[in-house]
Amino acid sequence: MIKAVSLFSGGLDSILATKIIMDQGIEVIAVNFIHPFANNKKMKEKQNYARSMSQKMGIELVEIELKENFLNILQNPKYDFGKNLNPCIDCKILMITQAYQVMKEKKASFLVTGEVLSQRPKSQFLWGLNIIDRDSHLKGFILRPLSAKLLQETIPEQKGWVNRDKLFNFSGRIRGPQFDLAQKMGITDYPAPAGGCLLTDPIFARRVHDLLIHNELTMENIELLKLGRYFRLTSQFKLIVGRNEKDNSALFNHAKPKDYIFTPSHSKGPTGLGLGVIDSSTEQLASGIIAYYSSPDVEPLYIKIQHQSFPSPKMVQPIPLSLDQIEKYRIENFPIQFTRQNTQKTPQK
Ligand code: SF4
């Protein structure tokens with residue numbers, strides 16, 4: 001029996017693509033990627049959905065976590081970023097090459113994706129798809145059932161494993177044809193089309209940009225980006241300020257001995273996690289930011305700073321700061337600028 005490996009995000013397009021191929025009598029193994037920049041809530045929903053849907057469809061599901069291999073491409077994507085900090089073409093090439101490993105292990109003959117021609121800029125434009133095929137070295141072995149009739153015939157079609165007449169010619173952002181097809185196939189239970197990749201979020205992208213330009217891109221720092229308000233006080237020091245109790249306890253629990261913890265003394269207010277090298281003026285500034293978000297129960301307000309090098313917590317009386325002064329240090333207010341040499345603004349076809 002011919003086998004195929006399908007990139008299975010749990011979204012409707014990937015379900016349809018998988019089902020179209022299964023309906024042609026081909027055994028499909030689904031591959032689901034867990035992405036370091038997935039919005040945790042949406043990622044869990046989609047992941048759970050991929051699990052339950054693969055069970056319902058009676059197919060094997062292989063989960064692959066992208067980690068440092070994704071961070072490597074984010075540091076210098078060959079095909080640049082999308083609208084924000086999303087290196088989609090490079091990301092797709094990475095996913096396809098990872099799925100190819102599964103294809104080899106499972107002795108499958110080709111790959112299936114739910115991509116729709118021109119549904120998204122760059123990575124789903126024709127030249128983007130061609131680059132993905134070429135750079136993954138799988139030209140002819142990647143079948144996109146939803147748009148296949150608009151694309152060059154692939155090897156599974158040429159060899160007669162897949163009947164091209166039963167494939168589709170969907171293109172663009174309109175989702176109606178997919179919804180109609182889902183109804184015809186009896187697929188009624190699928191997640192709402194929604195992003196979930198934080199690199200496409202302009203606010204979050206600026207946080208990631210800060211890590212990139214300060215050479216701080218690690219899996220651990222990425223998880224921290226999902227918490228609190230972010231301030232870059234100097235090139236060597238940043239402060240994360242909790243927005244609520246959940247953030248505060250997560251920041252407190254995350255602190256390593258080398259990190260600084262800022263809390264208002266005898267007052268309600270946020271926890272601040274300070275990372276990097278600090279001097280006395282930066283201590284004042286960080287304390288001022290914590291004070292701004294605190295509600296003093298006693299006057300004057302002191303900010304307590306804890307660090308392994310202090311024999312006992314240090315008490316700092318902060319100089320009051322205005323919102324305008326604070327906003328100057330907010331990472332989200334810094335523009336994204338790159339001067340990488342290796343990035344091609346216009347992908348080569
Ligand atoms: S949106 Fe994010 S996960 Fe999707 S292809 Fe682009 S970089 Fe990858």
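Only this structure's heavy atoms are used, side chains among them; waters, hydrogens and symmetry mates stay out. We count ligands from 1, going down the list as the structure has it; atoms in each ligand are counted the same way.
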Asker: Would you call Lys314 and Glu283 a salt bridge, using N to O less than 4.0 angstrom?
Answerer: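 Salt bridge flag = yes for Glu283 with Lys314.
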Asker: Taking 2.8 Å as the cut-off, does an N/O/S atom of Cys91 lie below it from atom 8 (Fe) of ligand 1?
Answerer: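 An N, O or S atom of Cys91 is closer than 2.8 Å to atom 8 (Fe) of ligand 1, so yes.
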Asker: I'd like to check atom 8 (Fe) of ligand 1 in this structure: does the protein have a heavy atom lying under 4.0 Å from it?
Answerer: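 Protein heavy atom within 4.0 Å of atom 8 (Fe) of ligand 1: present.
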Asker: How about Gln308: does its CD atom have over 12 heavy atoms from other parts shown lying under 6.0 Å from it?
Answerer: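 Correct, the count exceeds 12.
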Asker: Considering only heavy atoms of His35, which atoms of ligand 1 have at least one such atom less than 4.0 Å away?
Answerer: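 Taking each heavy atom of His35 in turn, ligand 1 has 3 (S), 8 (Fe) under 4.0 Å.
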Asker: For atom 2 (Fe) of ligand 1, decide whether Cys197 has an N, O or S atom at a distance under 2.8 Å.
Answerer: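 It does: Cys197 brings an N, O or S atom closer than 2.8 Å to atom 2 (Fe) of ligand 1.
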Asker: Are there over 12 heavy-atom neighbours, none belonging to Lys56, within less than 6.0 Å of that residue's NZ?
Answerer: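 Enclosed: over 12 neighbouring heavy atoms sit under 6.0 Å from NZ of Lys56.
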Asker: Name the closest protein heavy atom to atom 6 (Fe) of ligand 1, giving the residue it belongs to and the distance to 0.1 Å.
Answerer: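 Scanning the protein heavy atoms, the shortest distance from atom 6 (Fe) of ligand 1 goes to Cys88 SG, 2.3 Å.
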Asker: Please test Arg144 against Glu115 for salt bridge (charged side-chain N to carboxylate O under 4.0 Å, His left out), starting from the C-alpha separation and ending with a verdict.
Answerer: CA-CA 6 Å; Arg144 300 173 171 96; Glu115 288 162 307; 2.6 Å; yes
Asker: Answer yes or no: does atom NZ of Lys246 have more than 12 heavy-atom neighbours from other residues, nucleotides or ligands under 6.0 Å?
Answerer: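 No, the 6.0 Å shell around NZ holds no more than 12 heavy atoms from other groups.
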